[in-house]
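What follows is a set of notes on a single structure, which appears directly below.
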Amino acid sequence: MTVSSASAAGLGLLVLLGTICHGFAASPSDARRAFHEGRYREAQDAYQQLAEEKPGDPRLSYNAGASAYRAGAFDAAAEQFTAASRAQD
């Protein structure tokens with residue numbers, strides 16, 4: 001492997017890892033699956049991202065709160081439950 005091909009491979013790996021770690025787009029089905037599999041922190045992060053993208057949907061804030069509660073993040077759970085309760089019908 002030449003230096004330029006090794007550099008290109010390394011750069012490709014960095015781009016891939018950056019996309020996986022920081023650029024994922026949460027979906028409700030991914031969040032729901034994480035919750036049901038006991039990956040509550042992951043579910044919390046996904047539901048919170050979804051709630052930020054769709055602030056008019058209180059179900060997402062509620063689900064973020066439920067996930068946070070299960071993860072033991074009680075302050076975050078309270079914030080999400082409060083946000084859900086303030087939503088307009």
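In this chain, residues are counted from 1 in sequence order. Everything numeric here is computed off the predicted structure, so don't read it as measured data.
- No more than 12 heavy atoms of other residues, nucleotides or ligands shown are found within 6.0 angstrom of OH on Tyr62.
- Considering every non-hydrogen atom in both Ala43 and Ala31, the closest pair reads CB-O, 3.6 Å.
- Taking the six-membered ring for Trp and thresholds of 30 and 60 degrees, Phe35 and Tyr40 have ring planes more than 60 degrees apart, a perpendicular arrangement.
- Shortest non-hydrogen contact noted between Pro58 and Gly56 is CD-O, 3.2 Å.
- Nearest heavy-atom pair across Ala64 and Gln44 is O-CG, 3.9 Å.
- Within 6.0 Å of atom CZ in Arg39, more than 12 heavy atoms from other residues, nucleotides or ligands are found, so the atom counts as buried in its surroundings.
- From Gln48, atom CD reaches atom CD of Glu79 across 8.0 Å, with rounding to the nearest 0.5 Å.
- Of the possible donor and acceptor atoms, one in the side chain of Ser85 sits under 3.5 Å from a partner among the backbone N and O of Thr82.
- Looking only at side-chain heavy atoms (C-beta outward), Gln80 and Tyr69 stay at 4.5 Å or farther from each other.
- The side-chain contact (heavy atoms from CB on, under 4.5 Å) test with Leu50 singles out one residue from Leu60, Asp30, Asn63, Asp57, and that residue is Leu60.
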